[in-house]
Amino acid sequence: MSNQAFDSTSLMLHTNQPITASELDELDRMLFEQSGASTEEEFKKPLGEKPLGIFVRSILGMDSASAREAFSAFLSNAPLNSIQIEFINYLVRLMSQNGRVNPEMLFEQPFTKFHAEGLTGVFSTETRKKIIEIVRDVNGRAVAV
């Protein structure tokens, strides 16, 4: 994989674009070659159980415009109060910083600062489902399609 291909694949992960298994395989191969690790096991040890795309995105983070874009349709179609807007903005910031957010986190700290029940206390059932769907979609784009 050339540096240009590496940059392209990294950019895809950073900007929440779908990525193929072959693109991730090439990224994996190139990173292994550049790592200086003597074995595949030694190279994979820091990843733990994380898929490579999720690991890379956790390092790079996610472009904030791409994170906002993931929620743009939701934000334009739903009349939201100030707490709900603040909740979504916080979620977008965390996605930008960490590259992903585990949906279960939406019910725990730090999201309980908006309501003791987190997502449940801030949004209706239907709206919660939409938010979780968006979060899962964003997270899923860090793995092969």
Side-chain angles (χ1 to χ4, degrees), residues 1-35 40-41 43-145:
M1 176 181 260
S2 68
N3 281 342
Q4 184 178 7
F6 173 78
D7 291 345
S8 174
T9 304
S10 298
L11 182 63
M12 291 171 71
L13 288 166
H14 184 64
T15 58
N16 198 38
Q17 297 175 40
I19 191 161
T20 66
S22 63
E23 289 165 330
L24 281 174
D25 288 345
E26 278 298 305
L27 179 63
D28 184 50
R29 186 187 62 73
M30 194 234 159
L31 289 173
F32 172 67
E33 288 174 1
Q34 299 295 318
S35 72
E40 203 47 52
E41 290 171 352
F43 169 68
K44 299 263 183 185
K45 190 174 182 178
L47 276 73
E49 297 298 315
K50 287 182 186 175
L52 179 63
I54 290 173
F55 179 75
V56 170
R57 191 187 273 175
S58 73
I59 293 168
L60 296 176
M62 192 167 101
D63 175 63
S64 60
S66 299
R68 279 191 306 277
E69 176 64 29
F71 286 92
S72 65
F74 170 79
L75 291 169
S76 64
N77 292 327
L80 302 175
N81 65 40
S82 62
I83 291 174
Q84 292 169 327
I85 291 169
E86 201 175 325
F87 187 101
I88 296 298
N89 286 337
Y90 189 78
L91 174 56
V92 166
R93 276 194 306 278
L94 275 182
M95 290 186 124
S96 297
Q97 292 169 357
N98 302 328
R100 70 185 302 267
V101 169
N102 186 331
E104 288 79 29
M105 280 182 60
L106 302 174
F107 301 92
E108 304 166 354
Q109 279 289 3
F111 291 96
T112 54
K113 72 181 182 179
F114 300 100
H115 188 280
E117 296 176 4
L119 184 68
T120 300
V122 178
F123 294 97
S124 69
T125 301
E126 183 179 320
T127 304
R128 286 193 305 266
K129 288 178 184 179
K130 288 178 187 174
I131 292 168
I132 291 171
E133 183 180 307
I134 293 167
V135 169
R136 286 186 176 145
D137 179 61
V138 169
N139 292 345
R141 288 176 180 248
V143 294
V145 291

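Partners of T125 under the side chain to side chain contact (heavy atoms under 4.5 Å, CB included) rule, at least two apart in sequence or in another chain, are R128, K129. When the side chain to side chain contact (heavy atoms under 4.5 Å, CB included) test is applied to N81, the partners found at least two apart in sequence or on another chain are I83, Q84. For the side chain to side chain contact (heavy atoms under 4.5 Å, CB included) test, residues two or more places apart in sequence or in another chain that qualify with T15 are L11, Q17, D63, S66. Taking R57 as the reference, N16, M62, V138, R141, A142 meet the side chain to side chain contact (heavy atoms under 4.5 Å, CB included) condition, with sequence neighbours excluded.
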Residues 88-95 side chain polar contacts: donor-acceptor under 3.5 Å, at least two apart:
unit_1 : atom_1 : unit_2 : atom_2 : d
N89    : ND2    : I85    : O      : 3.4

Atom pairs and distances, donor-acceptor, side-chain atoms in residues 113-121, under 3.5 Å, two or more places apart:
unit_1 : atom_1 : unit_2 : atom_2 : d
H115   : ND1    : E117   : N      : 3.0

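Remark: the backbone N or O of T20 is paired with a side-chain donor or acceptor of E23 at under 3.5 angstrom. Not a single donor-acceptor pair under 3.5 Å links the side chain of D137 to the backbone N or O of E133.
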Stepwise side-chain contact (heavy atoms from CB on, under 4.5 Å) check, L106 with F123: CA-CA 11 Å; L106 302 174; F123 294 97; over 6 Å; no
Verdict with reasoning, S58 to N98, per side-chain contact (heavy atoms from CB on, under 4.5 Å): CA-CA 5 Å; S58 73; N98 302 328; over 6 Å; no
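Using bins of under 30°, 30° to 60° and over 60° for the plane-to-plane angle, the ring pair F87/F111 lands in the tilted bin.
Within a 6.0 Å sphere centred on CD of E126, other residues, nucleotides and ligands contribute 12 heavy atoms or fewer. Within a 6.0 Å radius of CD in E41, no more than 12 heavy atoms belonging to other residues, nucleotides or ligands are found.
In this structure, CD1 on I131 lies 8.5 Å from OG on S124, to the nearest 0.5 angstrom. Taken from CD1 in I134 to CG in N139, the straight-line distance is 12.0 Å, to the nearest 0.5 Å. Rounded to the nearest 0.5 angstrom, L24 CG and I54 CD1 are separated by 10.0 Å.
At a threshold of 4.5 Å between non-hydrogen side-chain atoms, the residues L13 and L27 count as touching.
Between S64 and S96, the shortest heavy-atom distance links the atoms CA-OG, 3.1 Å. The two residues I19 and M12 have their closest heavy-atom pair at CA-CE, 4.0 Å.
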